[in-house]
Structures are given as structure tokens and as C-alpha cells.
There are 2 protein chains.
Amino acid sequence: MARWQPDAPGRLAAAALDLFEENGYENTTVIEIAERAGLTKSTFFRHFPDKREVLFGGGTVAGLLVEGIASAPPGAGPLDTVAEALDALGRTFFTADHRDFSRRRQAVLNAHTELREREALKRIGLTASMIEALRHRGVPDLTARVAAQLGTLTWEIAFDQWIDAGNGEGFGPLARQALAEVRAAGAAG
Amino acid sequence: MARWQPDAPGRLAAAALDLFEENGYENTTVIEIAERAGLTKSTFFRHFPDKREVLFGGGTVAGLLVEGIASAPPGAGPLDTVAEALDALGRTFFTADHRDFSRRRQAVLNAHTELREREALKRIGLTASMIEALRHRGVPDLTARVAAQLGTLTWEIAFDQWIDAGNGEGFGPLARQALAEVRAAGAAG
DNA sequence: CCAGTGATGGGACTTGGTCTCATCGACCCT
DNA sequence: AGGGTCGATGAGACCAAGTCCCATCACTGG
């Protein structure tokens with residue numbers, strides 16, 4: 001039998017989410033997280049650069065976005081291209097069985113400034129990835145920045161709705177509708 | 001003669017900026033900052049909630065934005081309202097004699113992830129203030145969110161140009177022009 | 001059976017941040 | 001002038017985050 005149970009990072013992330021829900025972020029010690037996962041502080045920091053990052057593990061989102069933008073139909077406008085990327089996100093990441101986890105995670109993030117700060121930084125990174133991917137398609141810089149910004153806003157709106165939705169409505173359609181509304185609001189501004 | 005020199009927060013902020021430029025953010029200790037200002041660690045944390053915040057002291061920006069939005073002409077559209085607010089910022093905050101300080105400060109912020117993270121959080125707060133002020137004028141929620149988001153983007157663009165500009169071009173005109181470009185890019189997306 | 005490799009444990013150490021108590025200076029009041 | 005109050009500072013103990021180094025264990029291949 002193995003001394004080491006598999007998937008240490010996953011166990012740490014799960015333990016952290018549990019403890020943050022139970023006692024709050026700042027009342028939870030890294031040592032407590034590690035102990036609940038059957039590990040130690042050393043191992044925690046070997047897998048995550050800091051305490052906050054334990055909630056931002058699955059870092060494939062940027063890749064999905066870039067891929068989605070790159071594989072959009074050649075004639076598509078910038079915002080439609082972004083919509084394509086959001087769809088890809090909905091198919092791979094924001095799927096029905098991740099919804100409960102996403103809701104729990106987001107509730108913790110919303111409750112603690114320190115975590116929302118990290119979330120903001122991540123969001124900037126993702127927006128930058130989208131801008132880069134759009135420019136790679138030949139979209140002018142400023143247009144790409146506007147489209148990415150509106151895309152991020154769309155994502156935010158759709159995500160909130162997806163989290164709150166009692167029915168099992170998918171992320172993709174919600175994003176499509178949110179994008180249409182953002183577009184209309186932009187035209188009205 | 002006074003035991004206490006005046007303006008402890010200002011001296012701490014100045015000392016911090018100096019030291020961050022000299023040795024970098026993470027190589028600078030709060031104790032070092034305090035000592036250079038002729039104070040102690042205790043006093044530092046009495047004036048600033050944490051080490052990062054020492055670079056985000058002048059917290060009147062949100063007020064200026066809200067005021068600018070509130071005092072825009074009644075008939076103005078959302079984006080023009082935001083332009084009004086950016087103008088107010090340029091008149092009061094981003095004035096010619098603050099340009100050098102702003103450049104130094106921004107250089108430090110750009111160089112350290114920890115500080116850009118805090119900057120991102122501040123930006124979110126300001127965007128939220130703008131949204132609230134716009135809604136208070138009767139702007140529909142979604143329109144307000146889009147306008148505020150584009151306003152923040154405009155700000156970012158204009159600020160970068162203002163920082164880099166060799167000539168003494170003012171922030172206001174730069175923001176006006178940036179907004180026009182953002183508008184055009186939005187229409188093209 | 002043994003050596004090498006990679007993940008973990010353990011503990012010392014620095015720093016950010018909190019808290020409490022003592023101290024000092026200015027101002028007020030008589 | 002003298003005493004008392006109040007706000008700002010100093011001093012130091014204390015906890016938790018994060019870094020670093022080295023020992024230890026399990027697995028693998030010879």
C-alpha cells in the first residue's frame with residue numbers, strides 16, 4: 001500500500017474549500033488545511049504558491065478561451081468570436097456537474113476581500129489572453145480590448161445567472177443571451 | 001518643538017515609494033519604511049491596514065468620479081457622462097504636477113504582481129462606484145455596467161498615454177480622444 | 001539486494017500583521 | 001503655574017504566511 005494517497009493538490013483544495021465554508025478564510029490555517037488532507041504545511045506550499053491559490057487550481061481556462069477564439073469561424077466578428085470562446089468554456093468547464101462546486105467556491109470568494117482580489121488578478125490575466133488571441137486573428141488592438149472587456153462582463157453576468165439558476169440551464173445559452181443584452185446596452189450607450 | 005513631525009502617513013508613503021524604487025517591493029521591510037520616515041512599525045500599521053495600501057492612500061478618486069457623473073448635464077448619454085467624470089479626474093487629480101509622482105508610482109505597481117493585484121481590486125471598486133452613480137441618474141443597470149466598463153478601459157488607455165507623453169498634454173483631452181476611439185471600436189465589434 | 005529518484009515530513013527562520021500596555025506631548029481648566 | 005485629559009507614538013509579545021534546507025520514506029530499475 002502506498003504511503004502517499006493520490007492527488008495531493010486535489011485533496012488540499014477540497015479540504016480548503018470545506019474549511020473556508022465552515023470557519024471562514026481568515027480563521028483557517030494552512031496547517032489545518034494540510035492536516036485535514038492528511039498532509040503537512042510543507043507539502044501545501046509545494047503544490048500552491050500561497051494560501052489563496054488553493055481555490056484557483058484548475059488553470060486550463062485561459063487555454064480554453066484562446067482555443068475557442070482561435071477556432072471561431074473565419075468571418076466572425078470580434079464579439080461573436082468571444083461568444084464562441086464562452087461556449088467552449090460552457091461545454092468543458094461550466095458543466096452541470098461542476099455547478100454545485102462552482103457555487104460553493106464562488107460563495108467563499110465573494111465573502112472574502114483577499115480572495116476577490118486574487119480573482120480580479122486572474123480575470124485580468126484571462127482578459128489579456130483573450131486580447132492576445134483576438135489580435136492573433138487580425139483584430140485591431142483597440143477593438144480587441146473592447147471586445148475582450150465586454151466579453152469578460154458577459155461572462156460575469158452569465159456566470160452569476162448560471163450559479164443562481166434553479167433550473168439546469170446551461171452556461172452557453174445564458175452567455176449567448178447575456179452577450180446580446182450587452183450588445184444592445186452598448187449600442188444604447 | 002514638536003515630538004511628532006506632521007503628516008505621518010505622507011512621510012510613510014514617500015519613504016515607501018523611495019524604497020520600493022531602490023530595492024523593490026518584496027525586498028523592502030515595513031520596518032525599513034517606518035525607520036526612513038522616522039517612525040516605527042506600530043505607527044505604520046496604525047495608518048495603513050497593510051503594506052500594499054501605502055501606495056493607495058489618496059482615496060478621494062471615487063468621490064470625484066461620483067461627483068463628476070452626478071453633475072453631468074441632464075441630457076448626456078451614459079458614455080458622455082462618464083467622460084465628464086474622467087474630465088473631473090483630470091482637473092483635480094491627474095494634474096501636471098502630479099504627473100511625475102504618478103509615473104514613479106505606476107512603474108512600481110507594474111513591476112510587482114502583489115501590487116497590481118491590489119490595483120485591480122481598487123479598479124473594481126471604482127467601477128462599482130461609477131455604476132452606482134450612473135444608475136442613480138436613471139441609467140438602466142446593464143447599460144450602466146457597460147458604460148462603466150468602457151469608461152474604465154478609456155481611463156486605462158488615457159492614463160498610459162498621459163504617463164508616457166513627453167509633451168505636457170493634459171489628461172482630460174487624452175481621455176476625450178480615447179473615449180472616441182473606444183466608441184468607434186465598440187461600434188466595429 | 002542496492003542505488004537512485006521523487007514526493008513528503010520536519011523544523012528553523014524571516015516577515016506581515018494584531019494586540020496590549022506604557023509613554024510622551026499638546027491642550028484645557030482652574 | 002500646575003494637574004488632568006486625550007490623541008498619537010513606542011515597545012514588545014504573539015500568531016500565521018511563506019521560504020529554505022535537510023532528512024526520510026516509497027517506488028523503480030539493475
Side-chain angles (χ1 to χ4, degrees), chain A residues 1-57 108-109 111-119 121-122, chain B residues 1-57 108-109 111-119 121-122:
Chain A
M1 57 176 269
R3 169 188 184 188
W4 302 306
Q5 302 300 319
D7 192 22
R11 276 154 50 212
L12 286 167
L17 183 54
D18 286 349
L19 286 168
F20 293 164
E21 281 177 332
E22 292 174 20
N23 310 326
Y25 175 78
E26 50 264 356
N27 293 325
T28 303
T29 288
V30 170
I31 296 186
E32 291 171 356
I33 299 171
E35 277 177 355
R36 175 164 302 200
L39 296 167
T40 64
K41 183 181 153 191
S42 298
T43 303
F44 180 96
F45 285 111
R46 206 167 280 123
H47 290 288
F48 301 101
D50 60 46
K51 184 182 171 185
R52 306 169 184 184
E53 204 66 18
V54 72
L55 287 183
F56 297 87
V108 173
L109 293 191
H112 301 283
T113 308
E114 221 171 327
L115 293 171
R116 293 203 299 149
E117 198 172 25
R118 178 58 52 86
E119 191 190 17
L121 188 64
K122 296 287 181 185
Chain B
M1 55 176 270
R3 168 188 184 190
W4 303 304
Q5 302 299 320
D7 191 22
R11 276 155 51 214
L12 286 167
L17 183 54
D18 286 349
L19 286 168
F20 293 165
E21 281 177 332
E22 292 174 20
N23 310 325
Y25 175 78
E26 51 264 356
N27 293 323
T28 302
T29 288
V30 170
I31 297 185
E32 291 171 357
I33 299 172
E35 278 177 354
R36 174 163 302 200
L39 295 167
T40 64
K41 182 182 155 190
S42 298
T43 303
F44 180 96
F45 286 111
R46 207 169 279 123
H47 290 288
F48 302 102
D50 60 45
K51 183 182 173 187
R52 306 170 185 184
E53 204 66 19
V54 73
L55 288 183
F56 298 87
V108 173
L109 293 192
H112 300 283
T113 308
E114 221 171 327
L115 293 171
R116 295 202 299 147
E117 197 172 27
R118 177 59 52 86
E119 191 190 18
L121 188 64
K122 297 286 182 186

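Per chain, numbering begins at 1; letters A, B, ... match sequence-line order. As the structure is a computational prediction, the values presented were derived from the model and not from experiment.
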Just to verify, what does [X] make a side-chain hydrogen bond (donor to acceptor under 3.5 Å, both in side chains) with, not counting sequence neighbours?
X        : value
B/Arg116 : none
A/Arg36  : A/Glu22
A/His112 : A/Glu26
B/Glu117 : A/Arg52, A/Arg118

Using atom names, set out every protein N or O paired with an N or O of nucleotides 11-14 of chain C below 3.5 Å, distance rounded to 0.1 Å.
from: C/dG11; atom 1: O6; to: A/Ser42; atom 2: OG; distance (Å): 3.3

So, using salt bridge (Lys or Arg N to Asp or Glu O under 4.0 Å) as the criterion, who are the partners of A/Glu35 when residues are at least two apart?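 For A/Glu35, no residue satisfies salt bridge (Lys or Arg N to Asp or Glu O under 4.0 Å) once neighbours in sequence are set aside.
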Return the set of residues passing salt bridge (Lys or Arg N to Asp or Glu O under 4.0 Å) with A/Lys122 (not counting sequence neighbours), or none when no residue passes.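 With neighbours one apart ignored, the set is A/Glu53.
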Do B/Leu55 and B/Tyr25 pass the side-chain contact (heavy atoms from CB on, under 4.5 Å) test, and can you show the C-alpha distance, the side-chain angles, and the key distance before you say yes or no? CA-CA 11 Å; B/Leu55 288 183; B/Tyr25 175 78; 5.6 Å; no
Within residues 11-37 of chain B, find the residues that approach DNA chain C with a heavy atom at under 4.0 Å, and present them sorted by residue number.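 Output list: B/Thr28, B/Thr29, B/Val30.
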Return the residues of residues 43-56 of chain B meeting this criterion: a heavy atom under 4.0 Å from some atom of DNA chain C. Order them by number, or give none.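 B/Phe45, B/Pro49, B/Asp50, B/Lys51 - these, ordered by number, are the residues of the stretch whose heavy atoms sit under 4.0 Å from the strand.
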Just jot down the side-chain contact (heavy atoms from CB on, under 4.5 Å) partners of B/Ser42, sequence neighbours excluded, or say none.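 Residues passing side-chain contact (heavy atoms from CB on, under 4.5 Å) with B/Ser42: B/Thr40, B/Arg46.
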Using whole Å, what does the distance between atom P of nucleotide C/dG9 and atom CD of A/Gln5 come to?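 One finds 11 Å between P of C/dG9 and CD of A/Gln5, rounded.
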Below 3.5 Å, can you tabulate the donor-acceptor pairs from side chains in residues 7-19 of chain A to any protein atom, sequence neighbours excluded?
from: A/Asp7; atom 1: OD1; to: A/Gly10; atom 2: N; distance (Å): 3.1
from: A/Arg11; atom 1: NE; to: A/Ala37; atom 2: O; distance (Å): 3.4
from: A/Arg11; atom 1: NH1; to: A/Gln5; atom 2: O; distance (Å): 3.0
from: A/Arg11; atom 1: NH1; to: A/Pro6; atom 2: O; distance (Å): 3.3
from: A/Arg11; atom 1: NH2; to: A/Ala37; atom 2: O; distance (Å): 2.7
from: A/Asp18; atom 1: OD1; to: A/Arg104; atom 2: NH2; distance (Å): 2.8

Which residues pass the ring-ring contact (aromatic ring centres under 6.0 Å, His included) test with B/Phe48, sequence neighbours left out?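 So B/Phe48 forms a ring-ring contact (aromatic ring centres under 6.0 Å, His included) with B/Phe44.
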